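Read through the structure below, which is laid out as structure tokens, and then see the notes.
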Amino acid sequence: MNVPQLTISGIQTGLREKKFSATELASEALAFARAENPATNAYLILSEERAMRTAAEVDAKLARGEDPGPLAGVPVAVKDVIVTQGLRTTCGSKLLEHFIPPYDATAVTRLEAAGGVLLGKTNCDEFAMGSSNENSAYGPVRNPVALDRVPGGSSGGSAAVVAQGTAVVSLGSDTGGSIRQPASFCGVVGVTPTYGRVSRYGLAAFASSLDHIGPFARNVHDAALLLNTVAGKDPMDATSALAPVPDYRAVLNQDVRGLRVGLPKEYFDGLLSDTGNQIQKGIDLLKQQGCEIVEVSLPHTQYAIACYYIICTAEASSNLARYDGVRYTNRSAGAKTMSEMYRMTRGEGFGAECKRRIMLGTYVLSAGYYDAFYLKAQKVRSLIARDFQQVFEQVDALVTPVSPFPAFRLGEKLDDPIQMYLSDIYTITGDLAGIPCMSVPCGLTGEGLPVGMQILTKHFDEPGMFRLASAFERAGGFTV
Ligand code: GLN
């Protein structure tokens, strides 16, 4: 068994034909993860006991002739902002260094109920704030494709483990691009589903109106299957959607002739780079598959970064108030009064980026500035969402780059938060509108760095998105 090459279908066949057992697979995958992790720092913790227990249950079900579930035996990793019962969950923060959650996130419950084997928790930017994974209190993650480069962020660990092959699939979270951007930097598939498609119960809140859980995989089929497993209404999350979850795999072999694909001109202005060339090759390939390519416009795109960084900091400043030295967190040893306990615990525990966002968020929500910043940003958000609605009356899907540039070097953008924020330019609009979007690999730059192509569709049209992604994959788009 070649762990880094495994796919979900390969595992299903292997188990059925008794080429290996789930227990053998889990122990090989864990050994491989242990061996590879020092190079990338992608896992914060390996859940060996839990993995072996689930794998044994899968084997027992197989032995009894029962259906072990669609993810039976599949090694899965989960971003460390998603809580796991009895298994340390740090959110990449020093504040939560010793936090052992008393329950599992719904997505984790569902993937284990489907037979998925949780190998461990992955490194990420502190509370999912960042685009390079360098904001983790536990050290940066290195991109397995080029170890001197960042894997992207904030779900850098979840992208890296799938790229290096230590997990077959993983879960990340996306608030402003944190699944798609690392997927593009590491050369894997990353999906941000419609807002509300996957329950956020058990996802540490960063910006609640923008947070999504979604899958990473090495092919479209595996991403679709993992999404199928975790999606759907959850009574524990009032914003989870009631809409039925179709079998996404049903669309994977359909052709795309006649599909109208829009290229928003605002996403291509000035994109004259290796990344631009690769995306152009991807678009040419879609044309060869029979897609009709149409230029469209999303006129409010230019306001998206400002709008996002007002809304997400406002929500973050409120959500992070719970980390106060009373619940969840370490408590500052030196605090003598209650107010010192709050101040010192938070002062010592939060990293620079979290503090920056708490201050910005508190500012934009404060009396006197609320209307000028927060309320204005909410209005702009509606305009951005309306741009998409109007465009989806003309086209079936949109195609854009994921990031203006490929994986950059560690440290390269660390001193300039604005530069770092600008790298989210193509991804945050999808989150602001709440529509499904994904990154698929689209070849390499001259330097051998992966490029990601983004596909966006209208609310709940994950089937349309997967259909286009899978046609692209079949036509050889991942290596154009
Ligand atoms: N890079 C963006 C930010 O720093 C997005 C983060 C995310 O999607 N969690 O906010």
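When a ligand or atom number is given, it counts from 1 through the structure's own listing order. Only this structure's heavy atoms are used, side chains among them; waters, hydrogens and symmetry mates stay out. On a predicted model such as this, the values are computed, not experimentally measured, just so you know.
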Quiz prompt | Parallel, tilted or perpendicular: ring planes of Tyr267 versus Tyr426, cut at 30 and 60 degrees | solution = parallel
Quiz prompt | ring-ring contact (aromatic ring centres under 6.0 Å, His included) contacts in which one or both residues fall within residues 78-101, not counting sequence neighbours | solution =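 Passing the test, one end in residues 78-101: Phe99-Tyr328.
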Self-check item: salt bridge (Lys or Arg N to Asp or Glu O under 4.0 Å) partners of residues 418-435, not counting sequence neighbours, each pair once
Solution: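 Output for this query lists Arg180-Asp431.
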Quiz item: Taking only residues two or more places apart in sequence, or in another chain, which ones meet Gln181 in a side-chain hydrogen bond (donor to acceptor under 3.5 Å, both in side chains)?
Solution: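 With neighbours one apart ignored, the set is empty.
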Quiz item: Are Met438 and Val189 close enough, and set up right, to give a side-chain contact (heavy atoms from CB on, under 4.5 Å), and what steps lead you there?
Solution: CA-CA 7 Å; Met438 70 190 285; Val189 176; 3.6 Å; yes
Exercise. Examine Arg381 relative to Phe388 and say whether NZ or CZ is less than 6.0 Å from the centre of the six-membered ring and inside a 45° cone about the ring axis.
Key: no
Practice problem: Tell me the residues surrounding ligand 1, counting only those with a heavy atom closer than 4.0 angstrom, sorted by chain and number. | Solution: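 Heavy-atom contacts below 4.0 Å: Ala128, Met129, Gly130, Ser131, Ser154, Asp174, Thr175, Gly176, Gly177, Ser178, Phe206, Tyr308, Tyr309, Arg357, Asp424.
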